[in-house]
Amino acid sequence: MAAQRLRLGVAKLFEMSLALGRLSRTYSTSQVFAEVLQLPTRQLTKLVYPLQELERHLAPNTRPELNLRIFDPSLEDIGRAESCFSATARSRIEYLTSAVRLDHAPDLPRPEVCFIGRSNVGKSSLIKALLSLAPEVEVRVSKKPGHTKKMNFFKVGKYFTLVDMPGYGYRAPEDFVDMVETYLKERRNLKRTFLLVDSVVGIQKTDSIAIEMCEEFALPYVMVLTKIDKPSKGHLLKQVLQIQKFVNTQTQGCFPQLFPVSSVTYSGIHLLRCFIANITGNLH
Ligand code: GDP
């Protein structure tokens, strides 16, 4: 059924591009995604809808536990969202500034999304992957835990601002909690917080502190599972089900659908871009 839907979607896209002779301005996507659309169905599902691919390996009675269809954009929507992440002369994607305190943060009019997670969870790699359609943007990927100690602001065209928050946990700066807490509580244009959890080890103690913070401030947040290329399929499924159960039973503000990603294979990256474009009001 899902495969059939995908095939229909791809066929529709190709029909469209054939009819137009090219991908038109109303449906413009990245070159990368145009290439993704040419993959065989199975590979395409794995890359674009990783949760759907995982669901195939579940026993039918456990399938409904994964909330797959809450955010379920078409390939066309995903393709359209890519244009927000592609730099043009009039819509630049660039690093703006860093700040150690909220009152040093730039006052920006656009909607904002922020990324938080334990040191080494794969946050810089994910941001780099999300912004890879503008490869000239420098996102520092740390080698040592606790490397990112500032809030880094990136302008993503005329669409939104992406904020890379300092990693917490081992060797995090002492004032980390103050900095992050204040930002999360007071940033007026913050639309969504993306909380990263390593799919190899699942929710750790330090992750729970961040989850509690989001819950306490009644923030809308989303759980992103990183490094899904690393664990075996069995281990990944176990973690995904455990985390999904946690989200279903222990959280209020967390978006009920998980976003598994890999910054190495790019699995889940296109879907996450589409989600961000959507919640920042840029998916028309
Ligand atoms: P940060 O401290 O949260 O910014 O984490 P980094 O992005 O620096 O990543 C920490 C380590 O995990 C680095 O060695 C990365 O190469 C590795 N890593 C990050 N994302 C992935 C991923 O999706 N897959 C794999 N296999 N490794 C990853």
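Every number for a ligand or one of its atoms is a count from 1 in the order of the listing.
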| task | Using a cut-off of 6.0 Å, state whether more than 12 heavy atoms not belonging to K238 lie near its atom NZ. | result | no
| By number and element, which atoms of ligand 1 are closer than 4.0 Å to a non-hydrogen atom of S263? | 22 (C), 23 (O)
| Shortest heavy-atom approach to atom 25 (C) of ligand 1 - which of N120, I228, V264 | V264
| query | Would R118 count as a contact of ligand 1 if the rule is a heavy atom under 4.0 Å away? | reply | yes
| message | Is it true that, when you exclude Q252 itself, more than 12 heavy atoms of the residues, nucleotides or ligands shown sit nearer than 6.0 Å to its CD? | response | no
| message | Pairs of nitrogen or oxygen atoms closer than 3.5 Å, one from S119 and one from ligand 1: do any exist? | response | no
| field | Element-labelled atoms of ligand 1 that are located less than 4.0 Å from some non-hydrogen atom of D229 | value | 22 (C), 23 (O), 24 (N), 25 (C), 26 (N)
| said: Whether the side chain of R118 engages the backbone of V197 through a donor-acceptor N/O pair (distance < 3.5 Å, no angle test) should be reported. | reply: no
| request: Taking all non-hydrogen atoms of both residues into account, name the closest pair between T226 and D198 and its distance. | output: OG1-CA, 3.4 Å
| task | Say whether S125, considering both its backbone and side-chain N or O atoms, lies within less than 3.5 Å of an N or O atom on ligand 1. | result | yes
| query | What orientation do F275 and F259 show, parallel under 30°, tilted 30 to 60°, or perpendicular over 60°? | reply | tilted
| 4.0 Å heavy-atom contact, G117 with ligand 1 | no
| task | Answer with yes or no after comparing the ring centroid distance for F160 and F154 against a 6.0 Å cut-off, counting only values under it. | result | no
| Should L126 be counted as touching ligand 1, given the test is an N or O pair under 3.5 Å? | no
| Part of K230 with heavy atoms under 4.0 Å of ligand 1, whether side chain, backbone, both or neither | side chain
| request: Determine, using the 4.5 Å side-chain heavy-atom cutoff (strictly less than), whether V200 and L195 are members of one ILVMFWY cluster. | output: no
